[in-house]
Amino acid sequence: MPVITLPDGSQRQFDRPISVAEVAANIGPGLAKAALAGKLDGILVDTSTVIDYDAKLSIVTDKDPDGLEIIRHSTAHLLANAVQELFPDAQVTIGPVIEDGFYYDFAYKRPFSTEDLAAIEKRMAEISAKDLKVHRRVMPRDEAVAHFKKIGEHYKAEIIGAIPAGESISLYGQGDWEDLCRGPHVPSTGKLKAFKLMKVAGAYWRGDSRNEMLQRIYGTAWANEKQLKEYLTRLEEAEKRDHRRIGRELDLFHLQEEAPGAVFWHPKGWTLFQQLIAYMRERQTAAGFQEVNTPEVMDRELWVKSGHIATFGENMYLTQTPDERTYALKPMNCPGHIQVFKQGLRSYRELPLRFAEFGKVHRYEPSGALHGLMRVRAFTQDDAHLFCTPDQITEESVKVTQLILGIYRDFGFEDVRIKFSDRPAKRVGSDEIWDQAEAALRQAAAAAGIETTLNPGEGAFYGPKLEFVLRDAIGRDWQCGTLQVDFNLPGRLGAVYVGEDSQKHTPVMLHRAMFGSLERFIGILIEHHAGKLPTWLAPVQAVVMGITDRQDKYCLEVAENLRNQGVRVETDLRYEKVGFKIREHTIKRVPFLLVAGDREVEGRTLAVRTRGGKDLGSLELVELTALLCDEVASRGRLVLEDRVSQRRSA
RNA sequence: GCCGGCUUAGCACAGUGGUAGUGCAACGGUUUUGUAAACCGUAGGUCGGGGGUUCGAAUCCCUCAGCCGGCACCA
């Protein structure tokens, strides 16, 4: 006779085997109605699951993250059901839950159109309205393979065929429709109410571009209409942060057809770019890096030796010149830095040598990969290569890791994850060397006290890497920094140093980037801040404006004064109402709007308004300058707005 | 690169076979103005490029390019 222990510790005894749904009903009619599934001894099960032994059970409802996941999974089934009713010869493949929703891939003779999508969504609502009971049955693997082959579901048959023989397969469905699935699912289709189909797209079968392309339908599903609406609003908000849109609105940069994937930086955007470089230069110089600069165009043979041609030849730009030689535009800076290292005979006493370069690289990325500043064909890396002895790897890696994390903090990114990527299938160097490199990097990560997650097979072709992934204001992850241990390239390109033993040795090379790509990092910053860049980065930090032309002279004087203190300031002396000017510069996300009327001229002050719309009242010019400079120098840790507000309230 | 969609004035968009439009911006004028849009007027387009169908193409067809959403790729 089963004794069921509920999450609050209470126990209920039953005199016969009992289903999850019955337990829920025994607790209360409200819960019976809300039950989507059960968690039986930690495992999710259907509400129809019968329990005939003592167990711990919690009832899963749509308030649970597990419940939402089940809703999404069942909605994916609902989608497949609707598609097969409307398009009987469409074959089902896979339909997993993803963040905020689900997708389902179908094999069909033609792509689905947006009209099809509307029709499918309508049919889904109809099936939901019928509140069909979701049923489950189990059959042996081989029988399941035969069954799916018989009904013309060849992809499903292939998937099941990969499951070990002898195992049983569960089938879930509603009405006449059925699909292979591990479950669990909601008890009936009526539980699926708040969903929306989002888009159709092509996707390769089994994620391999050599396979045929399937039709993927993406959808979102939520516990209720309110959540769905909130999600759609969130998408709209994210769209407003799009760096491509803000880049145009703020006149930062543009892209055009003649140069796909290459950026035309406008004065304001380039100011931001230069701020990042100045900042990075300061930080890395303090950390013992020396800046170098190496050619953008070098003989193709160098890239054959390095192994880049073999691995990435298809993605490199080659030049045609009147001479007989073929040159390549550099896709990376490492071989250039190795050439600098190789000049003269290096001694172990010089190591570690740390060469840094703001190197502009060109990569012929697949056309479909290009995306604003985030994925371009010409970009600037804040690249560096550390040449060291094997003994120095750990210490240098720890220092680089700390530098990277410190830099992210200055930009307001506190939430950073680190991935460890080990040897890829396509690589150079022996397994022994890879064993050594991976062990060295693992040890370095441990010494730095950081936690990493494994990213199997994702290392560079010459070495394993740590990837620094930062999370932005709306929860998206961006891979930026990287630290790679390389036992291969220095040897391939003939770099040596003389050791303590007077013998020649090959140095180990550490590759590191912190922003990764300056272009991309700017894109991330724009989206993270929705264009409201911190004052220390803003291309224009303040605009001085008068109310009438009586204040013109004073405005110019104030601006000059601020400019002399290093503030990036503009004046707006147009013959317009102050409200109009405020609106324009607020839209341009200028941090501080400084207004001068007759009162301010007389008192040598400025009325200060923030882009957030806050009126900070009048401040004396000297005081304002000091506060502004503090905010910039502290990189936003001393906030003008907060300091003024605090003082006013004190 | 693959699948689908899109490309009309500086920007956002309307126009589905019969004389290319609206709003904002721009330019000219009037308004001297106190914190998110003053008013009036003017100009601006080989409708992404090329080819075809048609008496006639922004509109239909072919092709190339770019962009957008996915997939694949990402040293």
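Naming convention: chains lettered A, B, ... in sequence-line order (proteins, then strands); numbering from 1 in each chain.
Using bins of under 30°, 30° to 60° and over 60° for the plane-to-plane angle, the ring pair A:Phe87/A:Phe112 lands in the tilted bin. Taking the six-membered ring where tryptophan is involved, the planes of A:Phe264 and A:His254 are essentially parallel, since the angle between them stays under 30° and well short of 60°. Between A:Tyr317 and A:Tyr364, the ring-plane angle classifies as perpendicular under the 30° and 60° cut-offs.
Using a 4.0 Å heavy-atom criterion, one finds that A:Thr548 contacts the bases of the nucleic acid, with or without backbone contacts as well.
In this structure, A:Arg216 is positioned above the aromatic face of A:Tyr103, its NZ or CZ under 6.0 Å from the six-membered ring centre and within 45° of the axis. Because its NZ or CZ atom is both nearer than 6.0 Å to the ring centre of A:Tyr218 and within 45° of the ring axis, A:Lys199 counts as a cation-pi partner of that residue.
Residue A:Ser367 places at least one side-chain N or O closer than 4.0 Å to OP1 or OP2 of B:rG1. Contact check, A:Arg244 against B:rC68: a side-chain N or O comes under 4.0 Å of OP1 or OP2. Considering only side-chain N and O atoms, A:Lys465 lies under 4.0 angstrom from the phosphate OP1 or OP2 of B:rA75. Neither OP1 nor OP2 of B:rC73 sits under 4.0 Å from any side-chain N or O of A:Tyr364. For B:rG10, the OP1/OP2 oxygens have no side-chain nitrogen or oxygen of A:His254 closer than 4.0 Å. Between A:Arg206 and B:rA72 there is no side-chain N or O to OP1 or OP2 distance below 4.0 Å. For B:rA36, one of the phosphate oxygens OP1 or OP2 lies less than 4.0 angstrom from a side-chain nitrogen or oxygen of A:Arg609.
Here B:rG44 sits opposite no nucleotide as a Watson-Crick or G-U wobble pair (both hydrogen-bonding atom distances under 3.5 Å). Look at B:rU59: it lacks any Watson-Crick or wobble partner with both distances under 3.5 angstrom. Using the Watson-Crick or G-U wobble rule with both distances under 3.5 Å, B:rC24 pairs with B:rG10. Base-pair partner of B:rG17: not found among the strands shown (Watson-Crick or G-U wobble, both distances under 3.5 Å). Base pairing of B:rU30 is made with B:rA38, judged by Watson-Crick or G-U wobble geometry with both donor-acceptor distances under 3.5 Å. Summarising the base pairing, B:rG1 is matched to B:rC71 through a Watson-Crick or G-U wobble pair whose two defining distances lie under 3.5 Å.
Of the N and O atoms on the side chains of A:Asp486 and A:His511, at least one donor lies less than 3.5 Å from an acceptor on the other residue. Defined by atom type and a distance below 3.5 Å, a donor-acceptor pair is missing between the side-chain atoms of A:Asp642 and A:Ser645. For the residue pair A:Glu357 and A:His337, a side-chain donor N or O sits within less than 3.5 Å of a side-chain acceptor on the partner.
In this model, a side-chain donor or acceptor of A:Arg375 finds a partner on the base of B:rC74 within 3.5 Å. Under 3.5 Å, the side chain of A:Glu600 and the base of B:rG34 form at least one donor-acceptor pair of N or O atoms.
Between A:His511 and A:Gly372, the residue anchored nearer the 5' end of RNA chain B, judged by the nucleotide with its closest heavy atom, is A:Gly372.
Comparing the C1' positions of B:rA75 and B:rC13 gives an interatomic distance of 42 Å, to the nearest angstrom.
A heavy atom lying under 4.0 Å from RNA chain B marks none of the residues of residues 293-305 of chain A.
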